[in-house]
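All remarks here apply to the structure that follows.
Heavy-atom basis, side chains included; hydrogens, waters and symmetry copies ignored. All values derive from a computational prediction rather than experimental measurement.
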Amino acid sequence: MTAAAAAGTAGTAGHGPLAGVRVVELAGIGPGPFAAMLLADLGADVVRVDRPNGGSLAIDPACDITNRNKRSVIVDLKAADGAERVLALAERADILVEGFRPGVAERLGIGPEACHARNPGLVYGRMTGWGQDGPLAPRAGHDIAYIAVTGTLGMIGAPDEPPAVPANLVGDYAGGSLYLVVGVLAALHHARATGAGQVVDAAIVDGTAHLSSMIHGMLAAGGWQDRRGANLLDGGCPYYGTYETADGGYMAVGALEGQFYDEFTELLGLGEYASARKDLSRWGELREAVAARFKARTREEWTAVFDGSDACVAPVLSLREAPHHPHLAARGTFTDHGGITQPAPAPRFSATPTTVRGGPALPGTGTADVARDWDVPDLLEDIPELKGTPEPMGAPEPKGTPA
């Protein structure tokens, strides 16, 4: 990147370890936008290329926080000059992120070959569920199907019930977005050392399978049974699971190690079960005793009992309750910006702190600024009428603790 380009980008991206890095995000839903949000949270100048007439989540764009810290332009990729406008952005970018089905970007004229012809150092990140090749590559899918075939979904839930659905956190975001971000940043490091860009194929099936590496090791060693609810970490262990309280709440227990288990049983008033920790023949009896004890008091009462202990017990909170937990509130794990309570950027950096610099980028509202800062004047042609004014990227930091 030229010094002039870096200066222009820094003026819009703000703080963070990725200040000066330019990212083009081709609009999609799910893991691609979340990955681009993470890059934006880390300080990158992320320009989201939205389609005319939307195509994002069926929620108010002003509430879609996966588009925070970004700027948006609108490009009709099916128009005669649509591909050229994207290629002009790619020519000035360090990273491009897309989540089309395999072959679609190529048909639109904005695939890796076309982009690398204009910018050989570009890191081209591809986010899909099935990957760029394999029998299912051209097929549609969602998180639940991707984690199903990897064996991950089958590990979650009670043994006598269907597998429990972990929202779309395990596949889309853990196995997808986070692996894409790791991949494009590793490729960016390589590109800056060699001048050569490359394609990063981030498939949710690959990332989710990779997440289960430790479990596969335990399975090979005979320390994991290939069925639900029968193992140390899947709810099969009576001192690693959740229990209902008198008021219908739940407490989470993770007292795995001996010293933590001893403190757990003592505070629970079940000292007579101290020797049951390693006796699998008593696990059923232990589970019933623990369940009965938790049902005797409310969640708030049990939270007070275990407060300040090393018993590894915590209340199970809802999404609305979580920001008010004393520890999370003290750390500023959640922040308020534009009237929306949301997770603050993570992780945290001592020298290059990050923050929520701007609210969700409304479609097309960053066009004029991007056209100027990235020197792509063609973006200014045929700008559609837009409602609302986005918060400028250089706005003051919101109230709360920066990550």
Side-chain angles (χ1 to χ4, degrees), residues 28-35 37-38 66 97 99 101-102 125-187 199-242 250 252-257 260 278 280 283 287 312 314 316 343 346-347:
I29 61 174
F34 184 87
M37 181 202 75
L38 179 50
T66 63
V97 171
R101 292 198 204 187
R126 316 198 83 163
M127 182 75 262
T128 61
W130 303 115
Q132 297 299 311
D133 52 44
L136 293 176
R139 302 276 74 85
H142 279 295
D143 176 290
I144 193 168
Y146 307 140
I147 68 174
V149 300
T150 65
T152 308
L153 179 60
M155 294 192 299
I156 305 172
D160 55 348
E161 297 177 1
V165 181
N168 65 334
L169 301 177
V170 174
D172 278 355
Y173 299 134
S177 302
L178 299 187
Y179 278 84
L180 176 63
V181 170
V182 169
V184 297
L185 292 182
V199 176
V200 177
D201 176 4
I204 294 173
V205 290
D206 295 346
T208 305
H210 193 261
L211 287 171
S212 65
S213 296
M214 184 190 75
I215 305 299
H216 277 277
M218 296 173 69
L219 184 67
W224 189 275
Q225 299 182 61
D226 197 12
R227 56 192 179 91
R228 282 193 306 284
N231 300 284
L232 192 65
L233 301 174
D234 66 355
C237 173
Y239 44 91
Y240 196 89
T242 56
Y250 290 87
V253 177
L256 291 176
E257 291 81 1
F260 303 150
K278 293 186 176 181
L280 271 64
W283 274 14
R287 185 187 306 280
C312 302
V316 178

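- Side-chain contact check for Val182 versus Leu178: every heavy-atom pair is 4.5 Å or farther apart.
- In this structure, Met155 CE and Thr150 OG1 are separated by 7.5 Å, a value rounded to the nearest 0.5 Å.
- Applying the side-chain hydrogen bond (donor to acceptor under 3.5 Å, both in side chains) rule to Asp234 yields the partners Asn231; only residues at least two apart in sequence or on another chain are considered.
- Residues passing the side-chain contact (heavy atoms from CB on, under 4.5 Å) test with Ala186, sequence neighbours excluded: none.
- Sequence neighbours left out, not one pair with a member in residues 158-173 passes salt bridge (Lys or Arg N to Asp or Glu O under 4.0 Å).
- For Leu256, the side-chain contact (heavy atoms from CB on, under 4.5 Å) partners two or more places apart in sequence, or in a different chain, are Leu232, Leu233, Tyr239, Tyr240.
- Here His142 pairs with nothing under the side-chain hydrogen bond (donor to acceptor under 3.5 Å, both in side chains) rule; sequence neighbours left out.
- The side-chain hydrogen bond (donor to acceptor under 3.5 Å, both in side chains) test applied to Asp201 returns no partner, not counting sequence neighbours.
- How far CG of Leu185 is from CG of Leu180: 9.0 Å, rounded to the nearest 0.5 Å.
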Quiz item: Should Val170 and Thr152 be marked as a side-chain contact (heavy atoms from CB on, under 4.5 Å) after you check the CA-CA gap, both sets of side-chain angles, and the distance that decides it?
Solution: CA-CA 9 Å; Val170 174; Thr152 308; 3.8 Å; yes
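- Between Met127 and Ile204, the closest side-chain pair of non-hydrogen atoms falls below 4.5 Å.
- Not counting sequence neighbours, the partners of His216 by the side-chain contact (heavy atoms from CB on, under 4.5 Å) test are Ser212.
- Taking both residues in full, the closest heavy atoms of Pro166 and Ile156 are given as CG-CD1, 4.0 Å, listed atom of the first, atom of the second, then distance.
- Applying the side-chain hydrogen bond (donor to acceptor under 3.5 Å, both in side chains) definition to pairs two or more places apart or across chains, those involving residues 217-230 are Gln225-Arg227.
- For the atom pair Ser177 OG and Met37 CE, the distance stands at 8.5 Å (nearest 0.5 Å).
- Taking all atoms of both residues into account, the shortest heavy-atom contact from Gly183 to Val200 is O-CG2, 3.8 Å.
- Asp143 contributes atom CG, which lies 8.0 Å from atom CG of Leu169 (distance to the nearest 0.5 angstrom).
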Side chains of residues 128-140: which donor-acceptor partners sit under 3.5 Å, not counting sequence neighbours?
residue : atom : partner : partner atom : Å
Thr128  : OG1  : Gly131  : N            : 2.9
Trp130  : NE1  : Arg139  : O            : 3.4
Trp130  : NE1  : Ala140  : O            : 3.4

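- Applying the side-chain contact (heavy atoms from CB on, under 4.5 Å) criterion to Pro159, with sequence neighbours excluded, gives no partner residue.
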